[in-house]
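Working notes, beginning with the structure itself.
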Amino acid sequence: MTKNTADETKKTYTKQGAADSAAREGARVMGTVLVTSGTGKTGRRVAERLAALGVPVRAGSRAGSRAGGVPFDWQDESGWAAALDGTEAAYVAYYPDLAVPGAAGAMAAFGRVAAASGLRRVVLLSGRGEPQAAVAEEALRGACGKVELTVVRSAFFAQNFSEGALLDSVLGGELVFPAGSAAEPFLDIDDLADVVVAALTGDGHAGAVYELTGPRSLTFEEAAEELGRAAGRPVRYVPVSGPAYAEVLEGFGVSGPEAGFLAELFATLLDGHNSATTDDVKRVLGREAKEFTAFTREAARDGAWHG
């Protein structure tokens, strides 16, 4: 997140303004919320919004106190109970993805620890149209007992182009990706964070599974054209096969196994089965999801592509 974006978030989510908005939406004052991956793209946005509402936030990360939060590592279960101690709810964003081998086991283990800690509510970030992620969702659901669980399945993040893995591609003018001609309803992460906060702080979301998308589906070629217009530089889409994209990732220093997994995951997700939009953002928030064009203009304004 750029400094300008962070400043805009703080302006939008002033404590009083956010509290008034939350009151209108029926949110309640609640206890401490653990945000796993609290320094990540979604986690930091959720933490900012909760803090603006006056909700005590415990941001978990491997850096722990060095990052101003608490130690939380998905590879080290021994620290989870301490991170959850005294909390009422948790936002769970598993790294690197719920579809990876071992994710279901981690979710089952987290569910058991959450239930034992007396946690009341969990909101889980998942992937839309990911069969293996659905297995991990069920593992958490089966292990967390009476803990209220809400699952938020997200479409491809729009911010992947502005602060994620594809930023360098946009800056370089060539968007190399294994998506073919499939269309994707890119989701703005700010919309996702708003939905997560609504589910954490409001009632009526227990047991829900929300599939979040933007309001319009675009091919990666169409997305590249919009990104180029907003960035003020030519950006063209270069479709590649999954194995070819794995080689690209390895060239950027990604390990062979991780590169292969990511390439296979993207090729699987972007085969057209996720192209349809949903109205779940509007169902939860009472407003439309943000348009991709609006995302590109805001990202350009905030300096995302000045590199």
Side-chain angles (χ1 to χ4, degrees), residues 1-15 17-18 35 37-52 57 59 61 63 66-69 93 95 125 154-177 179 184-197 212-216 218-238 248-249 251-254 266 281 285 287-307:
M1 180 187 293
T2 64
K3 181 179 184 299
N4 286 343
T5 303
D7 288 345
E8 286 300 316
T9 299
K10 291 175 183 176
K11 290 176 185 176
T12 303
Y13 282 84
T14 61
K15 183 172 293 187
V35 177
S37 303
T39 58
K41 284 198 294 290
T42 68
R44 69 173 180 265
R45 285 173 165 85
V46 170
E48 287 172 353
R49 284 158 170 75
L50 290 170
V57 177
S61 70
R66 297 196 306 277
Y95 179 85
L125 174 64
S154 176
F156 198 92
F157 294 157
Q159 276 78 0
N160 285 335
F161 298 112
S162 61
E163 57 186 81
L166 296 177
L167 172 59
D168 288 340
S169 296
V170 176
L171 292 174
E174 287 195 343
L175 188 57
V176 179
F177 210 68
E184 175 70 13
F186 300 102
L187 176 72
D188 192 289
I189 298 180
D190 288 334
D191 285 340
L192 182 143
D194 288 343
V195 170
V196 169
V197 169
L212 305 185
T213 74
R216 176 170 60 108
L218 299 86
T219 65
F220 271 66
E221 182 175 11
E222 292 168 336
E225 292 174 358
E226 294 213 22
L227 290 163
R229 282 195 292 272
R233 67 180 76 201
V235 179
R236 72 184 186 98
Y237 172 53
V238 181
V248 171
L249 292 176
F252 282 101
V254 179
F266 290 139
V281 169
L285 301 178
R287 61 168 175 77
E288 298 291 343
K290 187 183 296 183
E291 260 279 353
F292 188 77
T293 301
F295 152 73
T296 62
R297 290 172 178 169
E298 291 176 10
R301 179 199 65 199
D302 293 334
W305 302 301
H306 284 176

Please round to the nearest 0.5 Å and tell me the distance separating atom [atom1] of [X] and atom [atom2] of [Y].
X    : Y    : atom1 : atom2 : result
S169 : F252 : OG    : CZ    : 5.5 Å
L227 : L175 : CG    : CG    : 7.0 Å
R44  : S61  : CZ    : OG    : 12.5 Å

Residues two or more places apart in sequence or in another chain: which of them pass side chain to side chain donor-acceptor pair (under 3.5 Å) with [X]?
X    : value
E291 : R216
S154 : none
E288 : K282

Requested in this report: Give a yes or no answer on whether the side chain of Y237 reaches the backbone of A179 with a donor-acceptor pair at less than 3.5 Å.
Outcome: yes
Report summary line: What one should report as the nearest heavy-atom pair of A299 and S162 is CB-CB, 4.1 Å
By side chain to side chain contact (heavy atoms under 4.5 Å, CB included), which residues pair with [X], not counting sequence neighbours?
X    : result
T42  : Y91, A93, L125, F157, I189, L192
A59  : none
T213 : R128, A155, P185, T277, T278
L167 : L171, W305

Query raised in the report: What residues, two or more places apart in sequence or in another chain, satisfy ring-ring contact (aromatic ring centres under 6.0 Å, His included) together with F186?
Result: F156, F161, F220, F292
Query raised in the report: Can you name the residues that form a ring-ring contact (aromatic ring centres under 6.0 Å, His included) with F266, not counting sequence neighbours?
Result: F177
Mind checking what makes salt bridge (Lys or Arg N to Asp or Glu O under 4.0 Å) contact with [X], not counting sequence neighbours?
X    : value
K290 : D188, D190, E298
E174 : R236
E222 : none

Report task. Check step by step if side-chain contact (heavy atoms from CB on, under 4.5 Å) holds for D191 and L212. Result -> CA-CA 9 Å; D191 285 340; L212 305 185; over 6 Å; no
